[in-house]
Protein chains: 2
Amino acid sequence: MDWSSVQLRSLVELRRRGTVTAVASALGYTPGAVSQQLGALERSAGVPLLRRVGRRVELTDAGLALAGHAQRILDIEAAATAELEHSAGRIAGELQMALFATAVAEILPAMLARVGETHPDLVVRSRELVVDDVYDAVASGVVDLAVGLEYPDVPIRRDPSLRVVLLYRERFSLAVPAGSLPWDGPVSLARTGPPLGWILPPEDTHYGLAIRTVCRRAGIEPELRHEVVDTAVSLALVEAGIGISTVTDLMLRLRPSRFDVLPLVERFERHIVAVVRASAEHRPNVAAVVEVLRDLARD
Amino acid sequence: MDWSSVQLRSLVELRRRGTVTAVASALGYTPGAVSQQLGALERSAGVPLLRRVGRRVELTDAGLALAGHAQRILDIEAAATAELEHSAGRIAGELQMALFATAVAEILPAMLARVGETHPDLVVRSRELVVDDVYDAVASGVVDLAVGLEYPDVPIRRDPSLRVVLLYRERFSLAVPAGSLPWDGPVSLARTGPPLGWILPPEDTHYGLAIRTVCRRAGIEPELRHEVVDTAVSLALVEAGIGISTVTDLMLRLRPSRFDVLPLVERFERHIVAVVRASAEHRPNVAAVVEVLRDLARD
DNA sequence: CGAGACGATTTAGATTCTCTAAATGGACTG
DNA sequence: CAGTCCATTTAGAGAATCTAAATCGTCTCG
């Protein structure tokens, strides 16, 4: 019997998530790849580990038992990694991280510069992920650290094994085409009805849900005119006079725009946070980079 | 940090054996491969794991610590394998084994036939190894089961984690060119001096050491005429009148020969044994195949 | 002291693994 | 019953990892 790290991770994630597709997206593979890995693991185990049930798949008893062992192996791996970093006596080695698009553009460069100065032996590798995916990436061990977003006014449950460190607190403002509203003081969402249409992210994203929730609390249902995922695209549409949206400073830094930005009466915030596994919180490399992020945030 | 099974095994074996070359031969790789694997492990660890000391290499503190974790992971793997086999409720899956050359020819076929009948879902994979290497192959986990040889009159220390099961007990006889000795009763090694020269395996093999030791106990130093590793080649040389050697029934079965076979006065035996790791002794697949071997031996 | 053995490492190249993309085929859903 | 969801299979591209051979430092022994 011979296994790979990927196979063990796939099995453990399958227990958590229940579908091959979900495992694949959590681990950053295609479903086909995960299916093949699990197939290989099953062949080398000699015992069925999965059972098709309806259009999905379920772990057999043997699969569950093996997943338990796999989890223990991954735990040892985590402990070994932490111990290696401690024993190095200095910050060195590699750290995998994930960031949402805007953070890659606006935070990563300064962070890398600072890490390069203070911890020259640490190599930080990063990948850009859709913001709602970075939590899973951390939880499943694909990355050690992520920069993500929280909407404290519309909180959602996170995996309890995750720890979140506040970096920046940003207040949302209303972005409206230049001159389209006759005043420039604080605006209530309740007064954003027609003819102003909304440019919104899909409701199945945390951001999309948060905007809608805040609007509903203010007593309006935002009229979806254009569903847009990309932040810069949203801003371009507002600038073009197509509709209204919400913005933060970081979003404006990414794409300086010519439209009116009005404070909101309603409280609507987002937090830019660092996300780590609780078990990795005290790893020197992880702690060091989190510290760099906090330092940058303080400036 | 990501690692493979091979890397962990290499590290653990390096702690046991001390040289990359020894690890390589124990795991069935070239030294270059092991060196590269350890290098990759070291890179992903970010900390030096090895230190060159003279012409060999030594584990650093970090390397030792990691080897400890690796050992624990391999232990879990072993436990998981055993549990999977138990949970299968029947003998199924794969079993890796190693045999010395003669055993491949004379034992493996019957064994596979019997396994095929009684455990049709079990796939046995085998490799031929030089007999002195099969113990390491079992101990290091490269195979689960081996057929090896013991020389009870000239015992040597084995890894204490190994268990040995007696299959066949064979008495050595003296093989001499036809008609070269004027009697045909039991012969003492003490009377094998010139003009009869010996055909011997190298002294750094267990067999070679055993013959020499037994001869010395009988008061003679066997005169090495031709050093030969391969059993069939030895017999061919005796048949050709080149010298004398020792033989067993199994060796004669492998290569029926025309020379005189005389009983020895001195006790000189070898045992054909099954070799397993103590920790794998009770794995259903392992126990099943050992049982088949014992059954065959009883016939 | 110098030649040879030993042991680790590096390199180039071949093989094997393992991904992705796309096609396939059940199974739910409305 | 058409469309969607999900797992799997396939072919092929790219990456990982092995071997063989060369290299280099170190030890041993005449």
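Residue numbers begin at 1 in each chain, while the letters A, B, ... track the order of the sequences. Heavy-atom basis, side chains included; hydrogens, waters and symmetry copies ignored. Note that the structure is a prediction, hence the values are computed from the model and not measured.
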Between side-chain atoms of residues 57-69 of chain A and protein atoms elsewhere (two or more places apart, or another chain), which donor-acceptor pairs fall under 3.5 Å?
from	atom 1	to	atom 2	distance (Å)
Thr60(A)	OG1	Pro48(A)	O	2.9
Thr60(A)	OG1	Leu49(A)	O	3.2
Thr60(A)	OG1	Ala62(A)	N	3.4
Thr60(A)	OG1	Gly63(A)	N	3.0
His69(A)	ND1	Arg72(A)	NH1	3.3
His69(A)	NE2	Glu83(B)	OE1	2.7

Can I get a per-line list of side-chain donor-acceptor pairs under 3.5 Å for residues 29-41 of chain A, giving both atom names and the distance, sequence neighbours left out?
from	atom 1	to	atom 2	distance (Å)
Thr30(A)	OG1	Ala33(A)	N	3.4
Gln36(A)	NE2	Gly32(A)	O	3.3
Gln37(A)	OE1	Gln7(A)	NE2	3.2

Report task. Could you tell me which residues satisfy salt bridge (Lys or Arg N to Asp or Glu O under 4.0 Å) with Arg56(A), sequence neighbours excluded, listed by chain and number? Result -> none
Query raised in the report: Who pairs with Glu223(A) by salt bridge (Lys or Arg N to Asp or Glu O under 4.0 Å), at least two apart in sequence or on another chain?
Result: Arg225(A)
Send over the distance from [X] [atom1] to [N] [atom2], rounded to a whole Å.
{"X": "Glu58(B)", "N": "dT26(D)", "atom1": "CD", "atom2": "P", "answer": "15 Å"}
{"X": "Asp204(B)", "N": "dA5(C)", "atom1": "CG", "atom2": "C1'", "answer": "15 Å"}
{"X": "Leu27(B)", "N": "dT17(D)", "atom1": "CG", "atom2": "P", "answer": "15 Å"}
{"X": "Leu59(A)", "N": "dA7(D)", "atom1": "CG", "atom2": "C1'", "answer": "14 Å"}
{"X": "Leu49(A)", "N": "dT8(D)", "atom1": "CG", "atom2": "P", "answer": "12 Å"}
{"X": "Leu14(A)", "N": "dC6(D)", "atom1": "CG", "atom2": "C1'", "answer": "12 Å"}
{"X": "Leu50(A)", "N": "dC6(D)", "atom1": "CG", "atom2": "C1'", "answer": "13 Å"}
{"X": "Leu38(A)", "N": "dC6(D)", "atom1": "CG", "atom2": "C1'", "answer": "14 Å"}

Query raised in the report: Which salt bridge (Lys or Arg N to Asp or Glu O under 4.0 Å) pairs, counting each pair once, include a residue from residues 28-50 of chain B, with sequence neighbours left out?
Result: none
Requested in this report: Sorted by first residue and then second, give each salt bridge (Lys or Arg N to Asp or Glu O under 4.0 Å) pair with at least one member in residues 199-211 of chain A; sequence neighbours left out.
Outcome: Glu203(A)-Arg212(A), Glu203(A)-Arg216(A)
Query raised in the report: Taking DNA chain D as the partner, which of residues 131-140 of chain B come within under 4.0 angstrom of it by heavy atom?
Result: none
Query raised in the report: Hey, are Glu13(A) and Arg17(A) close enough for a salt bridge, meaning a charged N less than 4.0 Å from a carboxylate O?
Result: yes
Report task. Please list, chain by chain and in numerical order, all residues satisfying ring-ring contact (aromatic ring centres under 6.0 Å, His included) with His206(A), sequence neighbours excluded. Result -> Tyr151(A)
**Report entry** Side chain proximity check, Leu11(B) to Arg9(B), heavy atoms < 4.5 angstrom
**Finding:** no
Query raised in the report: Hey, is the side chain of Thr21(B) poking within less than 4.0 Å of OP1 or OP2 on dA8(C), counting only N and O atoms?
Result: yes
Query raised in the report: Has Thr19(B) got a side-chain N or O lying under 4.0 Å from the OP1 or OP2 atom of dC6(C)?
Result: no
Report summary line: Given protein heavy atoms under 4.0 Å, the one-letter contact record of nucleotides 17-30 of chain C, with B base, S sugar-phosphate only and - none, is simply -SBB-----BBB--
